[in-house]
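Computed from a prediction, not measured in an experiment: that's the story for all the values here.
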Amino acid sequence: MATAALCFRASALSVACFLLALPLLMAQDPSNLSLEHYSKTCPNAEHVVRAEMECAVRDEPRNAALMLRLHFHDCFVQGCDGSVLLDDTATMIGEKQADQNVNSLKGFEVVDKIKAKLEAECPGTVSCADLLAIAARDAVVLVGGPYWDVPVGRLDSKEASLDLANKDIPTAEQGLVTLISKFWEKGLDATDMVALVGSHTIGFARCANFRDRIYGDFEMTSKYNPASATYLSKLKEICPLDGGDDNISAMDSHTSATFDNAYFETLIKGEGLLNSDQEMWSSIAGYSTADTVNKYWADPELFFKQFSDSMVKMGNITNPAGGEVRKTCRFVNT
């Protein structure tokens, strides 16, 4: 953790030097985010987002997890700047083509609908980055999770980074030390990590991302429990050794349609679907994360409180390069 913290400080210094070298570039200070940012310019912004999210989740409950994941993947690359929403152009390959996004990141049509309603209500006012942050909160609330106030005022990036997306977004195969360091680089600690990964209580994973896990150490971590063996057998039907990469399974085998703390029980039972998730409980380096998993399973209110706090903390990661308020979330303004 000390090394990661040093890298984080070094990265911050590099950004500061970069900004000094470009005095005409308007940097965005996360302290400028506020709850009142749209109070005069678009007072109904949150109501518009909430109404559209209610429709989206009613039509397809999985949209809750999809919107939450979009916000997470956005914030981990350049900060929460809407860069994940940019389509490829003749001069830029965007983040949608990153390994962790290309076959699984969805929900862009929902974003388009929300943005169209916001533009009709308040043209050129509400950023796509803020849209994602508000929609992610509403997604959680609509499936039984906690509410939190979302500070707003983010700007939309004018560019995306495929390289940073491939480097910065955690993967299902990575070990605990690597995962913790990736969160540290974003200013998030191990407690934030466990809480945020708890969002997998409403998530689904592709077979390609859990095949190694179920044909690997799943039986060992679940201690060859007969009940776990039955669950494993079902997973193997969904995800054969060859083929079926896009077949999906819920990461919370108990209550996948409800945002609750049941996901942490799957880790304690050794039944985590993703290797990266199970590492928080089973890794020899996970003495502190395992304790946190225990606490969140024992106390749902504690989990909800920390999840809310960590979502605000993650949402406050802004792009130091600043940006604009896009008229459409898929392309920069012309």
### Query
Will you find, in the side chains of Asp138 and Tyr147, an N or O donor that is under 3.5 Å from an N or O acceptor?
no
### Lys/Arg-Asp/Glu bridge criterion (N-O < 4.0 Å) met for Lys305, Glu301
no
### Task
Mark yes or no for whether Arg211, through its side chain, and Pro240, through its backbone, hold a donor-acceptor pair below 3.5 Å.
yes
### Query
Any luck finding a side-chain donor-acceptor pair between Glu271 and Ser228 under 3.5 Å?
yes
### Task
Check whether any side-chain heavy atom of Leu131 sits under 4.5 Å from a side-chain heavy atom of Val111, and report yes or no.
yes
### Message
With a 4.0 Å cut-off on N to O distance, would you call Lys113 and Glu52 a salt bridge?
### Response
no
#### Entry: Sub-4.5 Å side-chain heavy-atom contact between Tyr296 and Phe307
no
### Message
Side chains of Arg137 and Glu46, heavy atoms from C-beta outward: is any pair under 4.5 Å?
### Response
yes
#### Entry: Side-chain H-bond candidate by donor/acceptor type, Asp163 with Ser161, under 3.5 Å
no
### Task
Side-chain contact test, heavy atoms from C-beta onward, threshold under 4.5 Å: evaluate it for Pro151 versus Asn316 and give yes or no.
yes
### Task
Apply side chain to side chain donor-acceptor pair (under 3.5 Å) to Gln78 and Asp81, showing your working.
CA-CA 7 Å; Gln78 302 182 164; Asp81 62 356; 2.9 Å; yes
### Message
Is it the case that the side chains of Thr221 and Gln278 hold a donor-acceptor pair, with the cut-off being a distance below 3.5 Å and no angle test?
### Response
no
### Message
When you measure from the side chain of Asp88 to the backbone of Gly94, do you find a donor-acceptor pair of N or O atoms at a distance under 3.5 Å?
### Response
yes
### Task
Please answer whether the main-chain N or O of Glu279 pairs with a side-chain N or O of Ser282 as donor and acceptor at a distance below 3.5 Å.
no
### Query
Got a donor-acceptor contact below 3.5 angstrom from the Ser308 side chain to the Phe304 backbone?
yes
### Query
Does atom CD1 of Ile93 have more than 12 heavy-atom neighbours from other groups under 6.0 Å away?
no
### Query
What closest approach, in Å, do Asp156 and Ala129 show between heavy atoms, and which atom pair accounts for it?
OD1-N, 2.9 Å
### Query
Can you tell me if CD1 on Ile284 sees more than 12 non-hydrogen neighbours from other groups inside 6.0 Å?
no
### Query
Do Leu232 and Ile214 touch side chain to side chain, with heavy atoms closer than 4.5 Å?
yes
### Message
Quick check against the 3.5 Å criterion: does Asn225 have a side-chain atom that pairs as donor or acceptor with the backbone of Lys269?
### Response
no
### Query
Is the backbone of Leu162 close enough, under 3.5 Å, to the side chain of Gln97 for a donor and an acceptor to pair up by distance?
no
### Task
Keeping the roles fixed (side chain from Arg69, backbone from Ser199), state whether a donor-acceptor pair exists under 3.5 Å.
no
### Task
Could you check if a side-chain atom of Lys186 sits within less than 4.5 angstrom of a side-chain atom of Asp192, using non-hydrogen atoms only?
no
### Message
Treating Ser157 as the side-chain partner and Glu159 as the backbone partner, does any N or O pair qualify as donor plus acceptor under 3.5 Å?
### Response
yes
### Task
Assess the side chains of His200 and Asp277: does a donor N or O sit below 3.5 Å from an acceptor N or O?
yes
### Message
Can you confirm whether the side chains of Glu60 and Asn63 place a donor and an acceptor under 3.5 Å from each other?
### Response
no
### Message
Exactly one of Trp297, Phe303, Trp281 should register a ring pair (Phe, Tyr, Trp, His ring centres under 6.0 Å) with Phe264. Which one does?
### Response
Phe303
### Query
Are any of the side-chain nitrogens in Asp87 or Lys96 under 4.0 Å away from the carboxylate oxygens of its partner?
yes
### Query
Any luck finding a side-chain donor-acceptor pair between Asn101 and Ser104 under 3.5 Å?
no
#### Entry: Side-chain heavy atoms of Arg213 within contact of Leu274, under 4.5 Å
no
### Query
Minimum heavy-atom separation for Ala262 to Asp252, with atom names?
CB-OD2, 3.8 Å
### Task
Return the set of residues passing side-chain hydrogen bond (donor to acceptor under 3.5 Å, both in side chains) with Asn275 (not counting sequence neighbours), or none when no residue passes.
none
### Message
Do the side chains of Asp291 and Lys295 get close enough for a salt bridge, i.e. N-O under 4.0 angstrom?
### Response
yes
### Query
Should the heavy atoms of other residues, nucleotides or ligands under 6.0 Å from NE2 of His47 be counted, would the total exceed 12?
no
### Query
Do Arg326 and Phe331 meet the cation-pi criteria used here (NZ or CZ under 6.0 Å from the six-membered ring centre, within 45° of the axis)?
no
### Message
Could you check whether any side-chain heavy atom of Ser249 comes within less than 4.5 Å of a side-chain heavy atom of Phe210, counting everything from C-beta outward?
### Response
yes
### Message
Using a strict threshold of under 4.0 Å (side-chain N to carboxylate O), is an ion pair present between Asp245 and Arg206?
### Response
no
### Query
Taking atom NZ of Lys117 as the centre, does the number of heavy atoms from other residues, nucleotides or ligands within less than 6.0 Å exceed 12?
no
### Task
Please check if atom NZ in Lys327 has more than 12 non-hydrogen atoms from other residues, nucleotides or ligands closer than 6.0 Å.
no
